[in-house]
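Have a look at the structure below, then the notes.
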Amino acid sequence: MGKPKLIIGNKNYSSWSLRAWLMLTKLGIEFEEIQVLLFSEGYKEKLLYYSPAGKVPIYIEDDLVVWDTLAIGEYLAEKYPALLPANVKQRAEARSISAEMHSGFLALRGSMPMNCRALNRKITLVTELGEDIQRIKTIWTKYRTENAEAGSWLFGSFSMADAMFAPVAFRFRTYGIPCDSIAGEYMDMVLNDPDIQRWYDSARRERAVIEEEEVGIV
Ligand SMILES: N[C@@H](CCC(=O)N[C@@H](CS)C(=O)NCC(=O)O)C(=O)O
């Protein structure tokens, strides 16, 4: 078996790519990273060559193709159980908040696109967005409080749930969303994580600009 492959988009903008990349990286899996710059000439054909859904991330192991971030996470968790907490109740909760991110937070995902290298962007905090932000802070505070002794991630050790929320830390920084206390400490820990820093360094060096994702310039 050759090395698994992970097809990703722009590191600066592709939050789903970051999530899958972080899961593989934290599991210590050696993988080949293949980047397709989103919305560049012919990008869709390139993605469709790898997966019928034509979106990143795509995880490939020989003839096995897994697309969609949550499916990639679940597949990896079957092979590497450490990707989810050992306790059954915590596993269910880690899955719940991962699914909540995957299917929800539409206001946040729509009006605060991930743009790792951008700072000092401003957005209007409409009600739905404020509610999304508050819900995320509540999640971070709850799990960090409950698992403070076990380690610095949401459930102590790194889990799929941390990968699902990692792009939010970049978003809060880019759009200047204040985050203090326990949630703020978690956000700072995520942004200072060496693997996240490596992703950020590559994102900063990218030159491609996706105009639709450049939101909140003042
Ligand atoms: N539900 C999918 C969403 C994947 C997705 O929307 N990926 C974006 C980049 S973050 C993409 O491929 N966009 C290019 C396109 O839609 O053509 C997942 O969880 O993986």
Side-chain angles (χ1 to χ4, degrees), residues 4-27 29 31-61 64-79 83-84 94-118 121 132 136 139 159-175 190 195-196 198-200 202-204 206-216:
K5 296 182 178 64
L6 184 71
I7 323 300
I8 59 168
N10 307 47
K11 287 193 169 174
N12 190 55
Y13 299 111
S14 181
S15 61
W16 295 112
S17 299
L18 165 58
R19 293 171 171 108
W21 182 92
L22 194 57
M23 290 189 241
L24 288 165
T25 301
K26 288 292 181 196
L27 286 170
I29 298 170
F31 63 98
E32 184 188 343
E33 186 180 298
I34 299 176
Q35 190 179 46
V36 174
L37 292 179
L38 300 177
F39 307 106
S40 63
E41 175 94 37
Y43 87 96
K44 201 43 123 180
E45 289 69 30
K46 288 184 194 154
L47 296 184
L48 286 167
Y49 167 79
Y50 293 110
S51 133
K55 288 186 188 287
V56 287
I58 306 159
Y59 177 74
I60 303 177
E61 264 179 33
L64 170 86
V65 181
V66 193
W67 61 93
D68 198 290
T69 311
L70 203 51
I72 294 171
E74 286 294 345
Y75 172 73
L76 292 173
E78 274 190 46
K79 287 184 81 169
L83 192 57
L84 283 169
R95 284 190 160 110
S96 297
I97 58 172
S98 298
E100 190 177 344
M101 172 51 75
H102 195 245
S103 62
F105 298 112
L106 298 182
L108 177 118
R109 280 162 44 198
S111 48
M112 292 172 56
M114 189 175 90
N115 188 346
C116 299
R117 65 189 171 219
R121 298 298 175 94
D132 280 358
I136 288 169
I139 289 172
S159 77
M160 184 198 296
D162 297 289
M164 295 304 275
F165 283 88
V168 177
F170 280 124
R171 286 169 152 124
F172 280 6
R173 181 166 72 181
T174 294
Y175 302 96
V190 170
D195 294 316
I196 298 270
R198 267 202 302 133
W199 177 276
Y200 174 60
S202 307
R204 276 174 44 213
E206 287 177 356
R207 289 287 156 260
V209 172
I210 302 177
E211 293 296 344
E212 297 70 44
E213 312 282 312
E214 293 295 328
V215 167

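As the structure lists them, so they are numbered: ligands from 1, and atoms in each ligand from 1.
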**Request:** Salt-bridge test for Arg95 and Glu74: reply yes if a basic N is under 4.0 Å from a carboxylate O, no otherwise.
**Result:**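 So Arg95 pairs with Glu74 through a salt bridge.
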Extract all donor-acceptor atom pairs below 3.5 Å that involve side chains of residues 98-106 and protein atoms in other chains or at least two apart in sequence.
residue	atom	partner	partner atom	Å
Ser98	OG	Ala94	O	2.7
Glu100	OE1	Arg135	NH2	3.0
Glu100	OE2	Arg135	NE	2.7
His102	NE2	Asp68	OD1	2.8
Ser103	OG	Ala99	O	3.0

At less than 3.5 Å, what protein N or O atoms come close to the N or O atoms of ligand 1? Include the distances to 0.1 Å.
residue	atom	partner	partner atom	Å
ligand 1	1 (N)	Asp68	OD2	3.1
ligand 1	7 (N)	Val56	O	2.9
ligand 1	12 (O)	Val56	N	3.0
ligand 1	16 (O)	Lys55	NZ	2.6
ligand 1	17 (O)	Tyr43	OH	2.6
ligand 1	17 (O)	Lys44	NZ	2.7
ligand 1	19 (O)	Asp68	OD1	3.3
ligand 1	19 (O)	Thr69	N	3.2
ligand 1	19 (O)	Thr69	OG1	3.1
ligand 1	19 (O)	His102	NE2	2.8
ligand 1	20 (O)	Thr69	N	2.9
ligand 1	20 (O)	Thr69	OG1	2.8

**Request:** Could you tell me which residues satisfy salt bridge (Lys or Arg N to Asp or Glu O under 4.0 Å) with Glu32, sequence neighbours excluded, listed by chain and number?
**Result:**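 Scan of Glu32 (salt bridge (Lys or Arg N to Asp or Glu O under 4.0 Å), adjacent residues dropped) gives none.
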**Request:** Any chance you could lay out the side-chain contact (heavy atoms from CB on, under 4.5 Å) test for Tyr13 and Leu38, step after step, and finish with the verdict?
**Result:** CA-CA 9 Å; Tyr13 299 111; Leu38 300 177; 5.8 Å; no
**Request:** Indicate whether the side chain of Glu45 and that of Tyr43 have a donor and an acceptor atom separated by less than 3.5 Å.
**Result:**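 Distance-only check fails for Glu45 and Tyr43.
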**Request:** Not counting sequence neighbours, which residues clear side-chain hydrogen bond (donor to acceptor under 3.5 Å, both in side chains) with Thr174? List them please.
**Result:**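 Thr174 satisfies side-chain hydrogen bond (donor to acceptor under 3.5 Å, both in side chains) with no other residue.
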